[in-house]
Amino acid sequence: MTSNRTSPRWKLVLTLCAGLLSPAAWGETFEIPAERLRDQIRGGLLGQMLGNLNGLPHEMKYIDEPGNVTSYTPALPDGARTDDDTDFEWVYIKVMQDENCLLLPPARIAQLWKERINTRIWCSNQYARQLMDLGLEPPLTGLTLFNPWADFNISGQFICETFGLIAPAMPQTAAQLGLNYTRVTIDGEPAQTTQLFTTMIAQAFVTSDIDEILDAGIAAIDPASVVHQIVRDVRGWHGQHGDDWRATRQRLKDKYSKHRGAMRDRNGYELNTGATIAALLYGRGDFVPTLIAAFNFGWDADNSAATAGTIIGVTKGYRWMLAQGWPIVDRYHNTTRQNMPMDETITSFADRLIDLAERVIGEQEGRRITEDGSIVYRINRQQPACVYPLQAPDAQIAGLGVAMRNEIERTLERGTTGQEMARAAYCAICLDMTDSMQAKHPQQWPRALDALTTDYPNVVQAIFYHAPTPQGDALRKKALAAGLQKPATRRDLW
């Protein structure tokens, strides 16, 4: 039986602190009737579910060429169901509410994954799940050094939307919340997308003007980031080409598709961020045209549609959406997550968000008041700002090497548990310490590799068969040079 607690020496201080949210610089007070706030939160969640589930038929269908969707009616005739665009957040949201904690600490997040997130996970999320079995915790599970998907994967986008919904008019807080949970599986540029989209969602409670929402989003990301340039490019192309969205899509593909449409492109933040921004611009603030544009831009279209749908859902509100007569059944059927409710509805999911939003407002020294017999939230409105700038990869790697070398050596010297030995082997391979560890510990090193191979075959499978990325290629070379054997056959991890 392995412990959920990791030695402090294995924890690098690269995460936002758990506990209370850091106070942000406040602007003017923003007041919103409680009824309107609830309506916008529910509209945002419904918009996310419609974009996600109605977008699935278009997912990865339009790569070389755009789609040709000309009409679309939003619908959930059998209700919504869990899918990775919403169910990771659902797990976090429920536990945040149950445990009265907005920023769950790394050990608790890893424990939740082991208890509840074990099936229907892909790419960076699937890889991170294997690292948790080794005893690595966030944010190490989201560093490219250990997770070869983490420098480009779109988890920074599709696992962030609900955190914008619970921080209305508080973009810095929305970004802090989002990063605490998306950095489980990503870092770097994808972390900028978390800040971009949580900020835009938080801003959508204040204005329905798409340009103002985009202005807020771009103010929340590192000016040196590729994400910053993508937003500027798409806005510029939209201005140049007017209604010719195909021309904008071609410009986006020509500049940011660099891997011939392979998984690195399809699952990458570049094309999918650009598609989401374009959908908002060409949708002109209307729900159906926005989702049609997201579908047609393609690539990982359900995720782009879900993010754009969240933003427009907030601006339109739940009552407006229901008034359109779309066939929507109030159900959120759990088909994926263990130890989670089986009787959730869209409404009850939204109620959890509303409850947490009230707590976030209070922690940022806002309050609930009564004016003329009606309940109003007085929110300390925040200005958008980048709370997590890009970090130099070389500096990050150097810091990890210093922090972890002694622990790896101690583990090999002690020859303790299989998990510790396997983790030491994996980290040494990733940190380019193989030669020195083999030289200093010639007897223990084969034992560490054997522990990794025998006790954690899914990790070895992930290295050799479930990381078809440039970083994955580099990791495989390191692993082979370290003496790790490639499994004879590929098998699924879930």
Side-chain angles (χ1 to χ4, degrees), residues 2 52-53 55-57 59-61 63 81-88 90-91 109-136 138 141-142 144 146-155 158-159 184-186 259 261-268 299-303 333-340 418-419 422-423 425-426 429-430 449-480 484-494:
T2 59
N52 169 210
L53 298 173
L56 284 173
E59 180 186 31
M60 303 299 187
K61 295 292 176 62
I63 306 300
R81 62 174 174 80
T82 52
D83 184 69
D84 64 348
D85 199 280
T86 59
D87 59 19
F88 286 89
W90 181 44
V91 170
I109 291 172
Q111 181 183 26
L112 287 175
W113 278 59
K114 293 175 185 179
E115 293 172 352
R116 310 186 191 201
I117 303 176
N118 297 289
T119 61
R120 294 191 64 78
I121 52 178
W122 292 273
C123 303
S124 193
N125 297 307
Q126 185 183 74
Y127 203 100
R129 178 64 187 82
Q130 313 316 315
L131 297 182
M132 291 175 192
D133 282 341
L134 275 181
L136 289 174
T141 52
T144 305
F146 299 120
N147 183 336
W149 295 86
D151 68 325
F152 71 89
N153 182 254
I154 59 172
S155 288
F158 74 78
I159 302 181
V184 176
T185 56
I186 57 88
H259 301 271
M263 181 56 74
R264 172 59 183 83
D265 284 337
R266 300 180 186 202
N267 192 246
W299 299 295
D300 211 332
D302 65 311
N303 293 310
H333 184 49
N334 182 8
T335 64
T336 57
R337 298 294 163 241
Q338 304 98 322
N339 302 307
M340 289 291 288
Q419 184 194 53
R423 185 173 64 227
Y426 184 84
I429 290 169
C430 293
L449 287 182
D450 183 65
L452 181 58
T453 302
T454 304
D455 298 344
Y456 297 94
N458 278 1
V459 175
V460 181
Q461 277 283 325
I463 294 170
F464 286 103
Y465 290 109
H466 296 271
T469 70
Q471 293 291 341
D473 292 340
L475 177 57
R476 280 183 284 280
K477 290 179 182 178
K478 292 181 182 181
L480 290 170
L484 196 65
Q485 297 297 309
K486 180 179 179 179
T489 58
R490 179 191 188 278
R491 59 180 179 78
D492 291 337
L493 297 182
W494 55 266

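Small disclaimer: the values here were computed from a predicted structure and weren't measured.
Looking at Thr141, its side chain never comes within 3.5 Å of a backbone N or O of Leu131 through a donor-acceptor pair. Judged by distance alone, the side chain of Asp455 and the main-chain N or O of Gly418 form no donor-acceptor pair under 3.5 Å. At least one donor-acceptor pair under 3.5 Å links the side chain of Asp265 to the backbone N or O of His259. Panel note: side chain Lys61, backbone Pro57; a donor-acceptor pair is recorded below 3.5 Å. No donor-acceptor pair closer than 3.5 Å links the side chain of Thr86 to the backbone N or O of Thr82. At least one donor-acceptor pair closer than 3.5 Å links the side chain of Trp494 to the backbone N or O of Ile121.
Taken from OG in Ser124 to CG in Asn267, the straight-line distance is 8.5 Å, to the nearest 0.5 Å. Between the CE atom in Met263 and the CH2 atom in Trp122 there is a gap of 11.0 Å [rounded to 0.5 Å]. Separation of atoms CG (Asn118) and CZ (Arg129) is listed at 4.5 Å; rounding is to 0.5 Å. For the atom pair CG (Asn458) and CD1 (Ile463), the distance works out to 11.0 Å, reported to the nearest 0.5 Å.
Between Phe152 and Thr469, the closest side-chain pair of non-hydrogen atoms falls below 4.5 Å. You'll find the side chain of Gln126 stays beyond 4.5 Å of the side chain of Ile117, heavy atoms only. Counting heavy atoms from C-beta outward, Asn125 and Ile159 have side chains that approach closer than 4.5 Å. Here the side chains of Asp302 and Asp83 are in contact, with some heavy-atom distance below 4.5 Å. At least one side-chain heavy atom of Leu53 sits less than 4.5 Å from a side-chain heavy atom of Arg81. Taking 4.5 Å as the limit, every side-chain heavy atom of Asp300 sits out of range of all side-chain heavy atoms of Arg266. Contact check for Arg423 versus Leu136: side-chain heavy atoms found under the 4.5 Å cut-off.
Lys478 pairs by the side chain to side chain contact (heavy atoms under 4.5 Å, CB included) definition with Ile429, Asp432, not counting sequence neighbours. Remark: Gln461 pairs with Tyr465, His466, Pro487, Arg490, Arg491, Leu493 by the side chain to side chain contact (heavy atoms under 4.5 Å, CB included) rule, at least two apart or across chains. Remark: Phe88 pairs with Trp113 by the ring pair (Phe, Tyr, Trp, His ring centres under 6.0 Å) rule, at least two apart or across chains. Scanning for side chain to side chain contact (heavy atoms under 4.5 Å, CB included) contacts around Ala422 gives Leu134, Ala451, Leu452, Tyr456, with sequence neighbours left out. Take Asp87 and apply the side-chain hydrogen bond (donor to acceptor under 3.5 Å, both in side chains) test, not counting sequence neighbours, and it matches Thr336, Arg337.
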Going through the checks in order, is the side chain to side chain contact (heavy atoms under 4.5 Å, CB included) test met by Thr185 and Trp149? CA-CA 8 Å; Thr185 56; Trp149 295 86; over 6 Å; no

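Relative ring orientation between Tyr127 and Tyr426 is described as tilted, the plane-to-plane angle lying within the 30° to 60° band.
Sorted by first and then second residue, the salt bridge (Lys or Arg N to Asp or Glu O under 4.0 Å) pairs involving residues 466-476 (not counting sequence neighbours) are Asp473-Arg476.
Closest approach of Glu115 and Asn339 over heavy atoms only: O-ND2, 2.8 Å. Residues Pro148 and Gln471 share a closest heavy-atom pair of O-CB, 3.5 Å. Taking both residues in full, the closest heavy atoms of Asn303 and Phe158 are given as OD1-CB, 3.4 Å, listed atom of the first, atom of the second, then distance.
The number of heavy atoms from other shown groups lying within 6.0 Å of CD (Gln485) does not exceed 12.
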